[in-house]
Amino acid sequence: GYRVSLQGNFFGCNHTYMAFPEYNPRNHIKLDPPLNIQSNATASKCQIWWSVWNVPWYLAEILQYELQYKEYSMSWEVAWNKTLPSSLPQVEIEAKELHSGIPYAARVRCKVSENENSYHSQWSEWSQTTVFQRADVPKVSEKILNLKTMQYLFIPLSFGTLLYLFWNCKLSSRYCCFLTLGQKALPALTFPHQLLSFSHSIVCTMGILR
C-alpha cells in the first residue's frame with residue numbers, strides 16, 4: 001500500500017496533513033467511459049455494442065456494465081437501467097420493451113465487477129449516446145397474400161363449374177327420356193355420383209389452402 005499526505009505552508013509555517021495512512025490503488029479505480037457505442041434495431045430486437053479504452057486486459061475480463069436507455073424526448077431521470085450480467089461489451093433489448101415508431105437513446109458505463117475481491121472501483125462516467133428506433137413489424141408476406149387471392153378466386157370458379165355441370169345434367173336427363181325403354185341412360189344415372197365426388201374434392205382442396 002501507499003501513504004498519502006498533503007503538505008502546505010500556512011502563515012509561514014509548514015504543515016503536513018495525513019490524508020490516507022494506508023492507500024491501495026486497487027481499491028480506488030475509476031475507468032474511462034466506454035467508447036464508440038453503436039446500435040442496430042430490427043422488428044424483433046435492438047443490439048447495442050461498444051468498446052473500452054485504456055483498460056488493462058486483466059481488468060477488461062472482470063468489468064461490469066450498466067445500460068441506460070429512454071425515449072429520446074424524455075429525461076434521463078426517467079430512463080430504464082439494466083445491470084448486465086456479462087463482461088462482454090454488448091447487449092440486446094427485446095422488441096417488446098420498445099414502442100414502434102418512437103426513437104430511443106442509450107448510453108452505458110462500466111466498473112470492476114462487485115463480485116471481484118482483488119479490485120474495487122466506482123462507476124465510470126456515462127458514454128456518449130446512440131439513437132435507435134424499432135423497425136416496424138413486416139406486413140403480410142406476398143406468399144400469404146397470394147394464398148388468400150387463390151382462395152377468393154377458387155370459390156366462385158368452383159361453384160361456377162358446379163352450375164355448369166348441373167346444367168349439363170339436366171340436358172342429359174331430358175335427352176334420355178327419348179331413348180327406348182331397353183336402353184340405359186348411364187350418363188344421366190351416374191352423374192350425381194360424379195357430382196358428389198367433385199364437390200368432395202373441392203371441399204378438401206379448400207381445407208388444404210386454408
Within a strict 4.5 Å, meaning less than it, do heavy atoms of the [X] and [Y] side chains meet?
| X | Y | answer |
| --- | --- | --- |
| Phe132 | Ile48 | yes |
| Ile93 | Leu98 | yes |
| Gln38 | Trp50 | no |
| Leu63 | Val52 | yes |
| Tyr65 | Val91 | no |
| Ile37 | Thr129 | no |

Residues which pass ring-ring contact (aromatic ring centres under 6.0 Å, His included) with Trp80, listed by chain and number, not counting sequence neighbours: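 If we apply the ring-ring contact (aromatic ring centres under 6.0 Å, His included) test to Trp80, skipping adjacent residues, the hits are Tyr69.
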
Nearest-0.5 Å distance that lies between atom CG in Leu35 and atom OG in Ser51: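 Reported to 0.5 Å precision, the distance equals 5.0 Å.
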
Rounded distance (nearest 0.5 Å) linking atom OH of Tyr119 with atom CG of Asn27: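 Between atom OH of Tyr119 and atom CG of Asn27 there are 10.5 Å.
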
Of all residues at least two apart in sequence or in a different chain, which pass the side chain to side chain contact (heavy atoms under 4.5 Å, CB included) check with [X]?
| X | value |
| --- | --- |
| Ala79 | Gln68, Lys70, Trp76 |
| Glu94 | Lys96, Glu97 |
| His99 | Glu71, Ile102, Tyr104 |
| Gln47 | Asn40, Lys45, Trp49, Glu92 |

Pair listing, salt bridge (charged side-chain N to carboxylate O under 4.0 Å, His left out) test, anchored in residues 53-65, at least two apart: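 Qualifying pairs: none.
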
Pair listing, salt bridge (charged side-chain N to carboxylate O under 4.0 Å, His left out) test, anchored in residues 24-38, at least two apart: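 Non-adjacent pairs meeting salt bridge (charged side-chain N to carboxylate O under 4.0 Å, His left out): Lys30-Glu125.
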
Which residues satisfy the side chain to side chain donor-acceptor pair (under 3.5 Å) test with [X], sequence neighbours excluded?
| X | result |
| --- | --- |
| Asn117 | none |
| Gln64 | none |
| Ser113 | none |
| Ser39 | Thr130 |

Tyr58-Ile62 co-clustered via ILVMFWY side chain contacts under 4.5 Å: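 Yes, it is one cluster - the side chains of Tyr58 and Ile62 are joined through contacts under 4.5 Å.
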
Heavy-atom closest pair, residues Val131 and Pro103: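 Here Val131 and Pro103 meet closest at CG1-CB, 4.5 Å.
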
Residues which pass salt bridge (Lys or Arg N to Asp or Glu O under 4.0 Å) with Glu114, listed by chain and number, not counting sequence neighbours: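 Salt bridge (Lys or Arg N to Asp or Glu O under 4.0 Å) list for Glu114, sorted by chain: Lys111.
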
